[in-house]
Amino acid sequence: MERLTGIGVSPGVAVGRAVVLAQPSAVFRFPVPEDRVEREVGAIELARDQSRQQLADIRSRLSAGPGRDLAPLFDAQLLMLEDPLLVGRAQQIVRAERVNAGWALHRAYEELRRLFHEMEDPYLRERETDVADVVGRLRMNLQHRGAGLRDWLKEVEGPSILVADELTASLAAQLDWTRIQGFTVDAGSRTYHTAILARSLGVPAVVGLHDLSGRVPAGTTVVLDGTTGEVVLGADGAELDTAQRRADRPRRRSSLASAARGPLVTVEGTPVRLDANIELVEDLPSLHESGAEGIGLYRSEFLLSGRTLDDATEELQYAAYRSVLEQVAPRRVTIRTFDLDESHLLGSRARSRSRARGGLRGLRLGLSYPDVLRTQLRALMRASAHGSLRIMFPFVTGVDEVRQARAMVAAVSAELGRPAVPVGAMIEVPAAALAADLLAREVDFLTIGTNDLIQYTLAVDRTDDRVSDLYEPLHPAILRLVRLVSRAARRHAVPVSLCGEMASDPAMVGLLIGLGLTEFSMTPTAIPLVRQVVGDLHVDDARRLARHALSLATAAEVEQYLFDALAASVSGPLRGPQ
Ligand code: PEP
Ligand code: MG
């Protein structure tokens with residue numbers, strides 16, 4: 001038996017067997033009952049058979065064509081498949097440790113990698129990428145056994161405790177929380193997200209356990225107390241009985257998969273609206289499942305994927321917009337006009353997906369190519385007969401652009417004899433945020449796009465990994481800009497929402513509500529969790545939290561403060577220091 005003390009961040013006692021999650025590989029390690037060990041061994045064998053067949057097919061296809069020089073590479077991979085240090089070793093690990101096939105394969109691969117690193121011969125060292133390729137193939141074939149993380153947990157007998165090095169909101173959204181009693185996380189600092197996550201899920205959690213995920217054997221009995229931060233490994237006898245009695249309180253929230261619906265309010269009854277961000281018409285089923293009120297951001301430029309601009313005729317666009325509006329009606333749909341840069345528009349070979357450049361982009365581009373914008377506006381205004389439409393312009397930098405765009409909308413409406421629809425501007429660049437009061441007079445609504453606002457304000461290109469860790473949503477400059485926009489909108493009685501990734505983050509939403517926002521649009525899968533956080537939120541507390549956060553000097557200080565406030569309220573609601 002071993003006792004550890006971490007920081008309790010979500011109250012309650014939980015007991016279960018350890019299921020371990022180690023990232024970045026995101027490979028689970030869980031115990032397999034004795035009678036299923038041979039099934040796991042067989043699964044690895046089956047994955048090898050399938051991989052062998054696939055590699056042989058690739059090889060013979062290559063040998064018959066112009067790629068024949070590459071064929072020997074696949075001979076090498078076929079040989080690796082038979083190497084006892086890989087598949088054989090993985091099977092040995094399953095039998096010896098009674099763990100799942102995926103984890104055993106991961107372990108065998110790590111051992112092999114270490115061997116390769118020690119090799120003197122650079123030619124042999126380079127073969128490591130081939131091993132990675134073979135392992136990737138085996139993993140893919142193994143995964144086809146089940147549909148994903150939710151199914152993997154079904155394999156685990158009895159209640160479990162998730163022991164993770166790190167747990168992200170996106171991963172949490174994929175797990176079946178009816179099977180997990182509680183969780184621990186290794187990281188000790190900047191764990192605000194984890195704490196919010198645990199509270200939203202209603203499961204006990206302890207953070208700050210250093211290397212626990214790296215050393216706890218899968219299947220170990222774990223008792224954790226999310227109030228005191230105590231974790232006991234291998235508890236038995238009277239201690240286990242007591243823990244089990246304390247854990248047996250029915251307090252569990254529903255699993256995230258069952259999204260709540262209907263109007264959402266905070267504890268005091270302040271209405272909060274959660275919409276979905278959508279890229280394609282095919283995303284609509286996930287919108288319906290998520291419990292979103294409507295669509296807060298439809299990224300229309302995705303219509304152009306795989307098409308030239310000439311293909312995206314008024315008719316084609318009209319059909320797409322009409323279909324979305326009809327499927328979502330009577331709920332509201334906000335369609336953003338194409339947010340492209342010139343290289344996309346012209347189909348240039350030099351096209352780049354990076355939107356971090358300050359050239360012709362978004363509304364600016366639309367105004368420079370008025371025919372393109374007019375075609376889109378015609379399609380939108382015609383489609384507006386079929387539902388509740390709002391038109392939104394991206395990458396707005398000032399009032400003159402908005403006036404020109406609105407004039408075009410008015411002209412198109414008149415041409416088609418269609419009544420006006422609400423027209424809004426995205427606040428994605430610092431100029432727009434700083435002039436939000438001026439923009440608010442010109443539009444029917446504002447939407448803060450924090451993805452771009454953060455990168456332009458902090459001068460950090462998110463696609464450049466040398467600086468991407470400087471991309472800080474909690475940077476004081478960002479919090480100030482969000483407050484500025486939210487105040488300007490309120491003063492001019494113009495609705496304002498926020499649709500960047502920040503809105504999808506359950507850890508941020510309290511702060512954003514404290515900054516005055518009550519409308520958000522996000523990835524549909526994030527909605528159930530954010531909904532839970534909002535439903536438990538006291539607006540007064542959120543305001544106090546935001547006020548203090550705004551007085552802090554760095555993103556790290558803000559995050560630490562949010563975490564401390566949460567930890568201080570471990571057995572009560574989230575409150576800032578009094
Ligand atoms: C944003 O910039 O926050 C936004 C929602 O737009 P996109 O992510 O499409 O650039
Ligand atoms: Mg943007």
Side-chain angles (χ1 to χ4, degrees), residues 170 273-280 283 287 292 294-305 324 333-345 351-366 376 390-397 401-402 405 424-433 436 439 445-464 468 471-475 477-479 481-482 484-486 489 495-505 508-509 511-512 515 517 519-527 530:
S170 60
R273 182 182 170 104
L274 304 184
D275 281 318
N277 292 349
I278 294 283
E279 272 91 50
L280 298 164
D283 294 339
L287 167 94
I295 295 179
L297 167 65
Y298 174 85
R299 292 179 164 106
S300 67
E301 63 276 9
F302 277 78
L303 264 182
L304 298 177
S305 314
V324 173
V333 179
T334 303
I335 300 186
R336 174 173 81 182
T337 58
F338 296 146
D339 186 10
L340 301 168
D341 66 23
E342 203 172 17
S343 64
H344 293 110
L345 196 66
R351 75 174 45 185
S352 137
R353 284 304 301 164
S354 163
R355 295 223 199 100
R357 291 178 295 161
L360 273 184
R361 185 195 144 174
L363 178 55
R364 218 183 254 173
L365 179 73
Q376 185 168 29
R390 303 198 305 174
I391 296 177
M392 179 160 79
F393 292 113
F395 205 63
V396 169
T397 53
E401 289 168 356
V402 172
M426 284 194 76
I427 306 288
E428 296 176 285
V429 292
L439 287 169
F445 65 95
L446 294 172
T447 296
I448 308 174
T450 44
N451 300 344
D452 279 313
L453 187 60
I454 295 168
Q455 67 174 347
Y456 286 108
T457 304
L458 305 182
V460 167
D461 179 351
R462 276 210 295 174
T463 58
D464 182 342
S468 56
Y471 182 92
E472 292 276 20
L474 293 176
H475 191 289
I478 304 302
L479 303 188
L481 287 178
V482 170
L484 195 68
V485 177
S486 126
V496 59
S497 64
L498 188 147
C499 70
E501 280 308 304
M502 233 176 138
S504 308
D505 189 332
M508 303 278 176
V509 75
L511 185 61
L512 294 171
L515 290 170
L517 298 171
E519 264 192 42
F520 304 93
S521 188
M522 63 197 72
T523 321
T525 49
I527 291 179
V530 171

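First listed ligand is number 1; within each ligand, the first listed atom is number 1.
Under 4.0 Å from ligand 1, not a single heavy atom of Ile448 appears. Contact annotation for Arg299 and ligand 1: only side-chain heavy atoms (C-beta onward) come within less than 4.0 Å of the ligand.
Residues Val324 and Ile278 form no side-chain contact, since every pair of their non-hydrogen atoms from C-beta on lies 4.5 Å or further apart.
Below 3.5 Å of separation, one finds no N or O of Arg361 facing any N or O of ligand 1. Taking any N or O of Asn451, backbone or side chain, at least one lies under 3.5 Å from an N or O belonging to ligand 1.
If you number the atoms of ligand 1 from 1 as listed, the ones under 4.0 Å from a heavy atom of Gly500 come out as 3 (O). Close approach to Leu297 involves these atoms of ligand 1, each under 4.0 Å from a residue heavy atom: 5 (C).
Nearest heavy-atom pair across Asn277 and Ser521 is OD1-OG, 2.6 Å. Minimum interatomic distance between Leu453 and Pro430 (heavy atoms only, all atoms of both residues): CD1-N, 3.8 Å. Of all the heavy atoms in Met522 and Ser504, the pair that sits closest is CB-OG, 3.4 Å.
By the side-chain contact (heavy atoms from CB on, under 4.5 Å) test, Leu458 is found to be paired with Ile454, Val460, Glu472, His475, Ile478, residues two or more places apart in sequence or in another chain being considered. Not counting sequence neighbours, the partners of Ser497 by the side-chain contact (heavy atoms from CB on, under 4.5 Å) test are Thr447, Glu519.
Heavy-atom distances between Arg336 and ligand 1 reach below 4.0 Å in at least one pair.
Distance alone, capped at 3.5 Å, is enough to place a donor-acceptor pair between the Asp275 side chain and the Gly294 backbone.
Distances from the Mg ion (ligand 2) to the N/O/S atoms of Glu428 are shortest for OE2.
For the Mg ion (ligand 2), the N/O/S atoms of Asp452 include one lying under 2.8 Å.
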